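Just so it is clear, the model here is predicted, and its values are computed rather than measured. Just so you know, these numbers use all the heavy atoms, side chains as well, and skip hydrogens, waters and symmetry mates. A, B, ... follow the sequence lines: proteins, then strands. Residue 1 opens every chain.
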Amino acid sequence: MPHELPKAYEPGAIEARWAEYWIKEKLFSVATPPADAGDAGGGARATSASAQPVFSLLLPPPNVTGNLHMGHMFEQTQMDIIVRWHRMRGFLTLWLPGTDHAGIATQLMVERQLASEGKKRRDLGREKFIERVWEWKKKYGGNITDQMKRLGASVDWDREYFTMDENLSRAVREVFVRLYEEGLIYRGKYIVNWCPRCETAISDLEVKHEDVPGKLWEIRYPVIGTPADKPEFITVATTRPETMLGDTAIAVNIRDERYTHLHGKKVLLPLMEREIPIITDELAQPEFGTGAVKVTPAHDPNDFQAGLRNNLPQIEVMDENARMNQNAGKYAGLDRYEARKQVLADLEAGNFLVGTKDHTLPLGKCDRCATVVEPRLSTQWFIKIAPMAKRAADAVRSGEITIAPENNQQIYLNWMDNIHDWCISRQLWWGHRVPAWHCACGEIVVAREAPAACGKCGGAVEQDADVLDTWFSSGLLPFTTLGWPEKTRDLEVFYPTALMITGFDILFFWLARMIMFGCHFMRGHEQDPAIKASSGWSERKDDAVPFRRVYIHALVRDADRQKMSKTKGNVVDPLDIIARFGTDATRFTLAAMAAPGTDIAFNESRTDGYRAFANKIWNAARFMFMNVDRIADRSPWTPIKADSEILHVGVGGVKTVALEDRWILSRFNRVAADVNDALATYRFHEAANRIYDFFWGEFCDWYLELIKPRLMNEGGSARAEASVACSNLVNLFESSLRLLHPIMPFITEEIWHAMQENKTSIKSIALTAYPQADEKQFDLAAETEMAILQDLIVSVRNLRAELKVETKAKVPIEIFAHEPAIRSLIEQNRGAVERLANVESIAFAGGSLTSKAGARSTARFDVHVIYERKIDVAAECERLKKELERIEKGMTNGQKQLSNEGFLAKAPAAIVENLRKQHQELVVLQEKTLSKMKELGC
RNA sequence: GGGCGGUUAGCUCAGCUGGUUAGAGCGCCUGCCUUACAAGCAGGAGGUCGCAGGUUCGAGUCCUGCACUGCCCACCA
């Protein structure tokens, strides 16, 4: 038989094999359904609606520079669970993968590589450099997708894209041109965030602020025209004294009476000996500092605005590397911090520096390279964001897009409401080049393709040197990957995507931009109505949105809750964890810890525990196969199911001949209900824990133990009983595997295939049906009865431990059942009690057994273990005392509530009834405990 | 400066819309190589749910304040 599995589960070989198989068989590739398909996808999977429901999801494209880290794995695990779950529920499921060219990040990598050869990018020139980046991309860009493949992510690899693919690049140009034509893209000279190391503008989002201790220097500027013997000064404060070299005014507030007499006067800019005016402007706030402020229009965004208001000259004193330029006089050539030192020294020498205060200031640093950002005057391309932001905010406010967990919604809206124009040009070489062409005559042509010549003067044109922000192109992906700007069938079917799962860290960078672009460019788009309806979106009105739902997942941190980072050296490498514990165990860990909204502190010991879970499943499978083989050997009968049976929803074919059958079937259905429920609201941890508890704590610990005698039956009619038990076992096991598959795809695939013995044409468990609860299979009576038996068995085990009965020794017990029904329940399941509690014989007593040593009482029965060993009276008294305390505490609480009229009047009847019942039980138990204590002489 | 979260067993975390005696994994203690699994089985110890008030018949759960802690946003010199 093919069912001889190794004793211990070894994930490595199995996982690699299935990962390859899934790709080779193209199991997750999705063809576009034809437009007229009333019954797309075909018979067995079609639902009551006429069209097959569709579930589409875009993978947040990892950077080509990336290697897989725990955050990716966490994100992908959650997506894969949701995706597999949908696929198994009959959705036509498209999970669309790709990678991002990651402008700055990638350019940085290649520049580093060049640096190791002693070269700079400018040595190569633009074309050669870009060739070099492409080479690099070819070599390393596939790393992360290769790793994804190994994780078993069930994406459609046939549709894999790269953001600089020709069709996507064409779409980027199309978008740029349209926005320009609509007046939503403009070009202008403004203060932008500038990274002196990357030598490019960056957007507000790419600046990370960090509070650092700094200084506030107070500098006095002599007012011109005041008496030489009693000169007057005006004092300003600054955190960046080197910028004073570019000052073109001093501003005071018009309401500030301290300075009224100086309105219209000039000061002499120290060190530069330049006369600059004192102006009145709201820039200066009387409450802050001295109320007077230096104005440097070329180096500060506020000053820039003030400069425009007052027609001030803009004097740039730094170059693109933040070194002082020729406008900085004798400081030219110095680095900005060198210059700062020199300026301060000179100011002090000239007696202009009048104060130095400690001052904590938020320092902006480049997100990529951590260089301190310098506000810089430069000509850039911008998106006029307000109109798009408004629609993007409305899409969320109106519920056309829902964001979970909910608190992220407000964060999103706050950001949208306070948004600034977006600087989209970058002075980089790697990326989508701005589709604008410049002529020497000053004309700029924005076009989809390079014009032959300047339309105005006929001169030669040259393409704009800048490239676009990476997020400009990735913001378009939900529709460009589906064929936009063409009107494709893919867009009709898969757009809007159903869901976006991503991290909080790119909420603004990416998510917000996708919504803005989607709402703008897909306005008027309509999803195929049949598909929209069958997929459950009939109530949504707006099909322009890039996705219907957003789920923001938490962050993975290290075991000490620290953010993982290379510099801290606390990065947990998922591949290393996988090598040690297996992919399934790692996935299960991430799922089990993924409570929405709570960051994960990744802890290996949990993974180790889930590796044990995989092993448990493995061994349960061995047990099953052992029985299948043994039973099948004696007759041609086989419990393995045929295709048609595998596709049913839930468990089929279980014959409920015994209590445990009814019980486990009922429990299975509850788990199925809970798991489906949990997944629908992204409570991955709940789904994982429910399955874990069910499979281990109920299926293995109780069900398998309970059916062993039936399985082992050898002769006569008992043989048929064994077959039924075995068949039940197989059916339940197979359904459990399906239930678990989205979380642990590998081990479930392996065992499932072994169960099929090549008798199925279905290529993967991933293509079977996901178990749904069948209400007819809920059996409350069985659950209650089973709970009583478990209670009895555990009580006896307890007593045995207390009495220190040798493990192997069987003991006789007596039971007093409070009701005849309890007695008959126990009688009917006598064998189970005897086996699982190691009992020799069961006698039924006619009255209370509480007076006996070695007895336990519950509200339904007393049980007495008959054993000559004297119990430790002191220890037993101690236990009883604790027990009594617990009981009486419960009674006091109950009494208090039951005598409270407010409670009786206002609490739901069921709660009151429960409490009454519980209180009555406590009364019985108290009495029993007390009499027992008396007996023992406690 | 604004906003958001966290604080529950030795450790890492659950506990959804307030309702029986607050749970799990790991670790710890005791006993078992029981014919699927020692990566296992059986049993056990361990918590005044950060602090102080409040709402309620009833609070780990809701409200207020405080403490500690983490994160995000922010052009105030």
Rounded off to whole Å, could you give me the CG-to-C1' distance for the Asp701(A) and C37(B) pair? 11 Å
Can you tell me how far P in A59(B) sits from the matching atom in G25(B), rounded to whole Å? 29 Å
With a 6.0 Å cut-off on the ring centroids, do Phe581(A) and Tyr610(A) count as close? no
Rounded interatomic separation in angstrom, taking CH2 from Trp194(A) and P from C75(B): 20 Å
Quick check on Lys917(A): does its NZ atom have over 12 non-hydrogen neighbours (other residues, nucleotides or ligands) under 6.0 Å away? no
Write down the distance between CD1 (Ile600(A)) and P (U12(B)), rounded to a whole number of angstrom. 15 Å
Which of C75(B), U12(B), C37(B) is nearest the side chain of Asn302(A)? It is C75(B)
By nearest nucleotide on RNA chain B, pick out whichever of Leu704(A) and Ile411(A) is the more 5' one. Ile411(A)
Which is true for Lys917(A) with a 4.0 Å heavy-atom rule: it touches a base, it touches only sugar-phosphate, or it touches nothing? nothing
Mind checking if Ala284(A) touches a base, just sugar-phosphate, or nothing, with heavy atoms under 4.0 Å? base
When rounded to whole Å, the CG to P distance for the pair Leu205(A) and C73(B) reads 7 Å
Side-chain heavy atoms of Tyr9(A) within contact of Arg611(A), under 4.5 Å: no
Tell which nucleotide pairs with G43(B), taking only Watson-Crick or G-U wobble pairs whose two distances are both under 3.5 angstrom. C29(B)
Please report whether the ring centroid of Phe733(A) lies less than 6.0 Å from that of Phe695(A). yes
Does Leu283(A) reach a base, just sugar-phosphate, or nothing at all? Heavy atoms under 4.0 Å. base
Remember a base hit wins even if backbone is also touched, and classify Pro908(A) as base, sugar-phosphate or nothing at under 4.0 Å, heavy atoms. base
For Glu10(A), report the nucleic acid contact type (base, sugar-phosphate, nothing); a contact means any heavy atom under 4.0 Å. nothing
d(CD, Glu806(A); P, U30(B)) in whole Å: 18 Å
Side chain of Asn407(A) only, please: which of A74(B), A36(B), C4(B) is the nearest? C4(B)
Across the strands shown, which category fits Gln285(A) at heavy-atom distances under 4.0 angstrom: base, sugar-phosphate, nothing? base
Just checking Arg683(A): base, sugar-phosphate only, or nothing, at a heavy-atom cut-off of under 4.0 Å? base
In this structure, are over 12 heavy atoms from other groups packed under 6.0 Å from Glu901(A) atom CD? no
Does a side-chain N or O from His209(A) land closer than 4.0 Å to OP1 or OP2 of C72(B), or not? no
With rounding to whole Å, what would you report as the distance between G5(B) and G15(B) at their P atoms? 15 Å
On the nucleotide A36(B), are OP1 or OP2 found under 4.0 Å from the side-chain N or O atoms that Trp696(A) carries? no
With a 4.0 Å cutoff (strictly under), does any side-chain N or O of Arg797(A) reach OP1 or OP2 of G43(B)? yes
Select one nucleotide: of A39(B), A36(B), A14(B), the one nearest the side-chain heavy atoms of Arg622(A). A36(B)
Could you tell me how far C33(B) sits from U69(B) if I compare only their C1' atoms? Round to whole Å. 48 Å
Report yes if the distance between the aromatic ring centroids of Phe382(A) and Tyr190(A) is under 6.0 Å, otherwise no. yes
Same-atom distance (C1') from A9(B) to G23(B), integer angstrom: 10 Å
Indicate whether OP1 or OP2 belonging to G44(B) is found under 4.0 Å from a side-chain N or O atom of Asn798(A). yes
Report yes if at least one side-chain N or O of Lys208(A) is closer than 4.0 Å to OP1 or OP2 of C73(B); otherwise report no. yes
Closest nucleotide among G31(B), A36(B), A38(B) to the Lys7(A) side chain: A38(B)
In this structure, how many angstroms lie between the C1' atom of G19(B) and the CG atom of Leu904(A), rounded? 14 Å
Salt-bridged, Glu802(A) to Arg797(A), with N to O below 4.0 Å? no
Mate of A74(B) where both pairing distances stay under 3.5 Å, Watson-Crick or G-U: none
Atom C1', compared across G58(B) and U20(B): separation rounded to whole Å: 12 Å
U30(B) OP1/OP2 closer than 4.0 Å to side-chain N/O of Lys804(A): no
What contact category does Val794(A) fall into here, base, sugar-phosphate, or nothing, at under 4.0 angstrom with non-hydrogen atoms? sugar-phosphate
Length of the NE2-P vector between His420(A) and C73(B), whole Å: 13 Å
Under 6.0 Å between ring centres: does that hold for Phe74(A) and Phe602(A)? no
Separation of the C1' atoms in U34(B) and A42(B), to the nearest angstrom: 10 Å
Nearest-Å distance, CZ (Phe504(A)) to C1' (C4(B))? 8 Å
Given the P atoms of U48(B) and G10(B), what is the spacing between them in whole Å? 8 Å
Counterpart base for G23(B), defined by Watson-Crick or G-U wobble contacts under 3.5 Å: C13(B)
If you take the centroid of each ring, where Trp contributes its six-membered ring, are Phe352(A) and Tyr221(A) closer together than 6.0 Å? no
Classify the nucleic acid contact of Tyr9(A) as base, sugar-phosphate or nothing, counting any heavy atom under 4.0 Å across all strands shown. base
Return the nearest nucleotide to the side chain of Ala612(A); candidates are A39(B), C75(B), A74(B). A39(B)
Using atom C1' of each nucleotide, how far apart are U61(B) and U8(B) to the nearest Å? 12 Å
Under 3.5 Å, is there an N or O donor on one side and an acceptor on the other linking the side chain of Lys616(A) and the base of C37(B)? yes
Between Ala592(A) and Phe508(A), just flag the one whose closest nucleotide in RNA chain B comes earlier from the 5' side. Ala592(A)
